[in-house]
Amino acid sequence: MRTLELTRETKKELLGNLLKRNPGSYTQYENTVNAIIENVRNNGDKALFEYTKEFDKCEITADTIKVTRAEIDAAYAELDDRFIEVMKKSAENIRVFHEKQKRNSWIDTKEDGSILGQRILPIEVSGVYVPGGTAAYPSSVLMNVVPAKVAGVERIIMCTPPSKDGKVNPATLVAADIAGVGEIYKVGGAQAIAAMAFGTESVPKADKITGPGNIFVALAKKACFGHVSIDSIAGPSEILVLADETANPRYVAADLLSQAEHDVLASAILITTSRDLARAVSKEIDGFLETLSRADIIRQSLENYGYIFVAENMEDAIDATNAVASEHLEIITKNPFETMTKVKNAGAIFLGEYSSEPLGDYFAGPNHILPTNGTARFFSPLNVDDFVKKTSIISYSRDALSKVHEDIELFAKKEGLTAHANSIAVRFE
């Protein structure tokens with residue numbers, strides 16, 4: 001794994017290289033995605049069935065597009081009971097964590113008769129996209145759906161592509177059932193996003209779409225934003241490990257590879273103040289690559305976006321960490337909690353050598369749908385607030401308005417909006 005001195009130049013090179021992974025860079029696919037969206041918007045189910053036949057090699061109809069209860073029950077029968085119990089435990093941990101995020105509506109009344117407040121209500125329909133293909137991610141089903149349930153969303157729909165035989169991955173179906181999805185539709189890709197954004201004869205229109213997907217899904221979410229709310233336009237997975245000489249190199253290497261195995265665009269970065277640790281981690285990585293099943297993907301990922309940086313001091317290391325604003329940040333230092341206080345930008349922070357990133361992916365409870373590509377500088381993990389809408393409440397009595405009406409009229413006139421001013425003034429003629 002390439003090892004570099006952390007300097008102003010190498011940090012700039014790193015940030016520039018990581019930006020190449022931004023989904024917004026893949027403009028060559030936008031025309032294709034836009035054409036799919038327009039076709040679904042204009043032709044509804046007909047377009048969905050045609051795309052499913054073309055891309056998934058599967059014939060579906062209005063009678064078979066929706067997953068039945070019998071199919072869900074059959075999925076349970078296909079899975080190991082132990083795995084089902086683990087998913088249930090994970091769902092409960094996610095629920096408990098997100099329950100603490102709930103906020104209540106509020107009203108503030110004053111003696112002059114003015115009333116201000118905020119009403120918080122769940123959105124009506126939440127749509128979740130779940131990728132299909134060779135990989136299934138039931139953990140992402142739980143992470144997308146459970147916060148929506150906690151927020152109080154009554155109708156949750158899910159789209160996921162079918163296999164050639166018209167079936168959906170059994171782990172995906174069971175996770176959806178455990179989480180509380182009410183409707184599951186066999187449709188994938190950009191066409192699924194368009195279906196949930198605009199609605200078809202079979203697929204209802206959603207108020208918000210969440211969930212990961214390939215570049216076509218990401219660009220479809222971007223194109224449909226405004227007609228429907230979305231969580232984010234997610235980029236490839238990434239991990240940054242911030243470590244000093246106290247870190248276990250075998251643990252650090254294993255954690256870096258846990259993200260590099262996602263795909264060839266995944267990013268795995270170590271920033272350390274210890275040259276000895278850097279050498280030891282690189283050696284451990286070479287050893288792991290001899291045994292891991294996805295070694296070919298990992299090697300390509302590390303060649304593209306894998307780095308070990310040796311910093312002169314922890315201050316420089318933390319400065320670079322904040323600049324990267326990684327999706328996953330592990331802090332393995334002598335005092336990780338103290339180090340954390342200096343970190344401003346990260347999607348999720350894992351503290352100490354026994355808080356490996358997969359703990360967050362699968363089980364701890366905090367959401368694993370996190371900001372990528374440096375957007376942790378201004379975005380947050382998926383949370384309960386993503387599934388509610390806030391409405392402001394304003395009520396003034398005549399007495400309360402009389403005390404401030406001249407101020408409001410002046411403000412409106414200074415902006416040249418005399419009708420605004422008049423709307424206030426007529427009440428005191």
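Heavy atoms of other residues, nucleotides or ligands lying less than 6.0 angstrom from OH of Tyr362 number 12 at most. With a 6.0 Å radius and a threshold of 12 heavy atoms from other residues, nucleotides or ligands, Phe337 has its CZ atom at or below the threshold. Other residues, nucleotides and ligands place no more than 12 heavy atoms under 6.0 Å from the CD atom of Glu124. Within 6.0 Å of CG on Asp108 lie more than 12 heavy atoms contributed by other residues, nucleotides or ligands. Residue-environment remark: CZ (Phe288) exceeds the threshold of 12 foreign heavy atoms within 6.0 Å. Atom NZ of Lys403 has more than 12 neighbouring heavy atoms from other residues, nucleotides or ligands inside a 6.0 Å radius. Within a 6.0 Å sphere centred on OH of Tyr76, other residues, nucleotides and ligands contribute more than 12 heavy atoms. Around CD of Gln118, the count of heavy atoms belonging to other residues, nucleotides or ligands within 6.0 Å exceeds 12.
Side-chain N or O atoms of Gln101 include one that pairs as donor or acceptor with a backbone N or O of Val384 at under 3.5 Å. Side-chain atoms of Lys221 never come within 3.5 Å of backbone atoms of Ala234 as a donor-acceptor pair (strictly under, hydrogens ignored). Between the Tyr129 side chain and the Gly189 main chain, a donor and an acceptor come within less than 3.5 Å of each other. Here the side chain of Arg2 pairs a donor or acceptor atom with the backbone of Leu302 at under 3.5 angstrom. Although no hydrogens or angles enter the test, the distance criterion places a donor-acceptor pair under 3.5 Å between the side chain of Asn367 and the main chain of Met143. A distance-only check finds no donor-acceptor pair linking the side chain of Ser282 to the backbone of Arg279 [under 3.5 Å]. Thr3 contributes no side-chain N or O that, together with a main-chain N or O of Ile308, makes up a donor-acceptor pair within less than 3.5 Å. Here the side chain of Asn144 pairs a donor or acceptor atom with the backbone of Gly211 at under 3.5 angstrom. Checking side-chain atoms of Glu201 against main-chain N and O of Asp45 turns up a donor-acceptor pair under 3.5 Å.
Side chains of Ile65 and Thr52 form no contact here, defined as non-hydrogen atoms less than 4.5 Å apart. Side-chain atoms of Leu329 and Met340, non-hydrogen and from C-beta on, never get closer than 4.5 Å to each other. Side-chain atoms of Val40 and Tyr51, non-hydrogen and from C-beta on, do get closer than 4.5 Å to each other. Looking only at side-chain heavy atoms (C-beta outward), Lys20 and Asn304 stay at 4.5 Å or farther from each other. Put simply, the side chain of Cys224 does not reach to within 4.5 Å of the side chain of Ile230, judged on heavy atoms. The shortest side-chain heavy-atom distance between Tyr307 and Asn17 falls under the 4.5 Å cut-off. Counting heavy atoms from C-beta outward, Lys205 and Val125 have side chains that stay 4.5 Å or more apart. Within the 4.5 Å cutoff, the side chain of Leu382 has no heavy atoms near those of the Ser232 side chain.
Between the NE2 atom in His328 and the OG atom in Ser237 there is a gap of 5.0 Å [rounded to 0.5 Å]. Summarising the geometry, atom CG belonging to Leu265 is positioned 11.0 Å from atom CD1 belonging to Ile297; distances are rounded to the nearest 0.5 Å. For the atom pair CG of Asn322 and CZ of Arg377, the computed distance is 10.5 Å after rounding to the nearest 0.5 Å. The CG atom of Asp207 lies 9.0 Å from the OG atom of Ser229; values are rounded to the nearest 0.5 Å. For the atom pair Ile269 CD1 and Ser326 OG, the distance stands at 6.5 Å (nearest 0.5 Å). Going from atom CZ of Phe387 over to atom CG of Asp231 covers 7.5 Å, rounded to the nearest 0.5 Å.
Considering all non-hydrogen atoms of both residues, Ala243 and Leu270 come closest at CB-CD1, 4.1 Å. For the residue pair Ala295 and Leu289, the shortest heavy atom distance occurs at CB-O, 3.4 Å. Minimum interatomic distance between Met314 and Leu242 (heavy atoms only, all atoms of both residues): SD-CD1, 4.0 Å. Minimum heavy-atom separation, Ala223 to Ile37: CB-CD1, 3.6 Å. When all heavy atoms of Leu6 and Ala311 are compared, the pair lying nearest together is CD2-CB, 3.7 Å. Among all heavy-atom pairs drawn from Val146 and Ala91, the shortest one is CG1-O, 4.1 Å.
Under a 4.0 Å N-O distance rule, the pair Glu78/Lys167 does not qualify as a salt bridge. With respect to Lys11 and Asp316, no salt bridge is recorded, no charged nitrogen being found less than 4.0 Å from a carboxylate O. Taking the charged nitrogens against the carboxylate oxygens, Lys283 and Asp286 have no contact shorter than 4.0 Å, which rules out a salt bridge. Contact check on Arg275 versus Glu5 returns a salt bridge, with a Lys/Arg side-chain nitrogen under 4.0 Å from an Asp/Glu carboxylate oxygen. Ion pairing between Glu245 and Lys334 fails under the 4.0 Å rule for side-chain N and carboxylate O. A salt bridge is defined here as a Lys NZ or Arg NE, NH1 or NH2 lying under 4.0 Å from an Asp or Glu carboxylate O, and Glu92 with Lys89 fails to meet this definition.
Defined by atom type and a distance below 3.5 Å, a donor-acceptor pair is present between the side-chain atoms of Ser114 and Asp112. In this model, no donor atom of one side chain and acceptor atom of the other lie less than 3.5 Å apart for Thr333 and Asp244. Side chains of Thr160 and Thr172: a donor-acceptor N/O pair is absent below 3.5 angstrom, by distance only. Donor-acceptor pairing under 3.5 Å is lacking for the side chains of Glu30 and Asn34.
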*side-chain contact (heavy atoms from CB on, under 4.5 Å) between Glu330 and Ser356, intermediate numbers included*: CA-CA 7 Å; Glu330 289 188 7; Ser356 176; 4.2 Å; yes
*Test salt bridge (Lys or Arg N to Asp or Glu O under 4.0 Å) on Arg69 and Asp177 and set out the steps.*
CA-CA 10 Å; Arg69 184 68 235 181; Asp177 192 56; 2.9 Å; yes
*asked:* Please evaluate residues Arg82 and Glu85 with respect to the criterion salt bridge (Lys or Arg N to Asp or Glu O under 4.0 Å), reporting the C-alpha separation (whole Å), side-chain torsions for both, the decisive distance (0.1 Å), and the verdict.
replied: CA-CA 5 Å; Arg82 171 76 175 127; Glu85 286 306 310; over 6 Å; no
_Phe83 and Met87: CA distance, side-chain angles, deciding distance, side-chain contact (heavy atoms from CB on, under 4.5 Å) verdict_ = CA-CA 6 Å; Phe83 180 36; Met87 283 198 284; 3.8 Å; yes
*How far apart are the C-alpha atoms of Val130 and Tyr137, what are their side-chain angles, what is the distance that settles it, and do they pass the side-chain contact (heavy atoms from CB on, under 4.5 Å) test?*
CA-CA 8 Å; Val130 180; Tyr137 299 105; 5.9 Å; no
_Arg21 vs Glu238, test: side-chain contact (heavy atoms from CB on, under 4.5 Å). Steps then yes/no._
CA-CA 11 Å; Arg21 308 174 319 133; Glu238 54 199 38; 2.3 Å; yes
*Test Asp386 against Lys208 for salt bridge (Lys or Arg N to Asp or Glu O under 4.0 Å), laying out the working first.*
CA-CA 9 Å; Asp386 286 305; Lys208 182 157 194 167; 3.4 Å; yes
